[in-house]
Amino acid sequence: MVRVIGHVDLDYFYAQVEEVENPSLRGKPVLVCVFSGRTEDSGVVSTANYVAREFGVRSGMPIVLAKKKLEGRDAVFIPVHDERYEAVSDGVMQLVGERVDVLEKTGIDEAFFDITMSSGADYSVARTLAAGIKTAIRESHGLSASIGLGRSKIVAKIASDFMKPDGLTVVTPESTVEFLGPLPVLKLYGVGPKTAEALAALGIRTIGDLASFDVGSLHERLGRKTAAYLHTAARGEDEEPVTERQGPTQLSRIITLKRNTRDADEAFNELMPAMDDLHHRLVSNGTSFRTLSTIGVLTDLSVKTKSKTFENPVEDLSLLKDDVRGLLQALSGSAGREFRRVGIRVSELSSKGDQTSLTQFY
DNA sequence: GTATGCTTTCGGC
DNA sequence: TTACGGCCGAAAGCATAC
């Protein structure tokens, strides 16, 4: 069955929202930053606009390094305004949702959609629909977006990335193999540096190399599951449906400590406000959880976690302070170096509605 | 072997 | 020369049960 799947990606999202709110920023390097508060400029760049990227600035780069690269360039450094981005995202997603059959939001600035029905499975009609979505986003929010269309999620995602910013890339089913062929295997979702290296050892560098490679040999080298996945992915033939997501599957907060420490109690005390905040989020959403985790980012920036899962859903995170403390102590004991940042995460979430409907069966 | 559940790590944005 | 967040979802790793 021929499907028409899309992927929409809002360009350099946080920085673009800042530009919309303050048009005088346009043309300047704009960097939306997370200031950790430890020292004057400690923290990283969350998003840089394309002007800043010209100078080698990237997401995740330390702010002080970005400042060096942009010395004398009239660059603007703005702290993140999460609530604003959430609000804009909600508006955009609602608007897109009205124009497609199914919308699957996968992040604050991106979503998959299915327009098989509304396009009548016609890629020419689909192109017009996608162009309409871009126009609607621009007219209502002043934002540019990049959209890719293809026969599957994999193709749509790669297509949206193909032409940025403000791109529209349509990959028909017939042109899929030709489109994917020249691209490096790293472009495939699920292929990271490790798999790419294993493939390179077999002489496979492009998706085209992969598509024409003998499946049996792939199987021997990489295992059955990976081989099967790569075989279909290289042809853009994955069958993953676009499905609406009901809510997050995990919630977390993480903070940067005022100073590095191995002392779990000191870290716990500093984590308390974030933990309370997470508690309030859970209560106001009526969300329970079964798994509790602590996260430690050590001085070498490596990440360690400790978690525990309860038999029954827990509603009240504030009752688990001793568990959190205990997990942090276990982390500290096994970490071997000081904490730089610590965090808390809850997962295996359920809503109150879910639980009552489940209890009806018992 | 395969399915399942839990813990930990990885990697995208 | 170094510099360094805060989230999220999914994969990987591991143990246990059938």
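Labels below follow one simple rule: chain letters A, B, ... track the order of the sequence lines, proteins then strands, and each chain is numbered from 1. Any value given below was found using the heavy atoms of this structure, including those in side chains, with hydrogens, waters and symmetry copies removed.
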Quiz item: Where each residue is assigned the nucleotide of DNA chain C containing its nearest heavy atom, which of A:Tyr189 and A:Phe35 is assigned the position nearer the 5′ end?
Solution: A:Phe35

Exercise. May I have the distance from A:Lys105 (atom NZ) to B:dC13 (atom C1'), rounded to whole angstrom?
Key: 13 Å

Quiz item: Has A:Arg290 got a side-chain N or O lying under 4.0 Å from the OP1 or OP2 atom of B:dC6?
Solution: yes

Quiz prompt | Aromatic centroids of A:Phe162 and A:Phe179 separated by under 6.0 Å | solution = yes

Exercise. Answer yes or no: does a side-chain N or O of A:Ser307 lie under 4.0 Å from OP1 or OP2 of B:dC6?
Key: no

Practice problem: Please figure out whether A:Lys157 or A:Lys308 has its closest DNA chain B nucleotide nearer the 5' end. | Solution: A:Lys308

Quiz item: Step by step, would you call A:Asp9 with A:Ser160 a side-chain hydrogen bond (donor to acceptor under 3.5 Å, both in side chains)?
Solution: CA-CA 7 Å; A:Asp9 194 331; A:Ser160 74; 4.8 Å; no

Self-check item: Donor/acceptor link under 3.5 angstrom from A:Thr256 side chain onto base of C:dG5
Solution: no

Quiz item: Among A:Lys164, A:Lys105, A:Lys157, whose salt bridge (Lys or Arg N to Asp or Glu O under 4.0 Å) with A:Glu110 holds?
Solution: A:Lys157

Practice problem: Specify the separation, in whole Å, of atom OH of A:Tyr85 and atom P of C:dC8. | Solution: 17 Å

Quiz item: For A:Ser36 and C:dG5, is the shortest distance between a side-chain N/O and OP1 or OP2 below 4.0 Å?
Solution: yes

Quiz item: Are A:Arg290 and A:Phe310 in a cation-pi setup, meaning NZ or CZ lies under 6.0 angstrom from the ring centre and within 45 degrees of the ring axis?
Solution: no

Quiz item: In this structure, which one of A:Leu129, A:Val4, A:Ile147, A:Val102 forms a side-chain contact (heavy atoms from CB on, under 4.5 Å) with A:Phe113?
Solution: A:Ile147

Exercise. Nearest-nucleotide wise, let me know which of A:Arg341 and A:Arg281 is further upstream toward the 5' end of DNA chain C.
Key: A:Arg341

Practice problem: Compare side-chain N and O positions of A:Arg38 against OP1 and OP2 of C:dC4 and report whether any pair is under 4.0 Å apart. | Solution: no

Quiz item: Do any side-chain nitrogens or oxygens of A:Thr305 fall under 4.0 Å of OP1 or OP2 in B:dT7?
Solution: no

Quiz item: Say you pick atom C1' in B:dG11 and the same atom in C:dG5; how far apart are they, in whole Å?
Solution: 15 Å

Quiz item: Starting at CD of A:Gln250 and ending at P of B:dC6, how long is that distance when rounded to a whole Å?
Solution: 16 Å

Exercise. Check whether any side-chain N or O of A:Ser252 sits under 4.0 Å from OP1 or OP2 of C:dC8, and answer yes or no.
Key: yes

Quiz item: Taking OP1 and OP2 of B:dT7, is either one under 4.0 Å from a side-chain nitrogen or oxygen of A:Lys306?
Solution: no

Exercise. Spell out yes or no: do the side chain of A:Lys304 and the base of B:dT7 have one donor N/O and one acceptor N/O closer than 3.5 Å?
Key: no

Quiz item: Can you tell me how far C1' of C:dT2 sits from CG of A:Asp41, to the nearest Å?
Solution: 15 Å

Self-check item: side-chain N/O A:Arg253 vs C:dG6 OP1/OP2, d < 4.0 Å
Solution: no

Quiz item: Is there a side-chain polar atom (N or O) of A:Arg245 under 4.0 Å from OP1 or OP2 of C:dA10?
Solution: yes

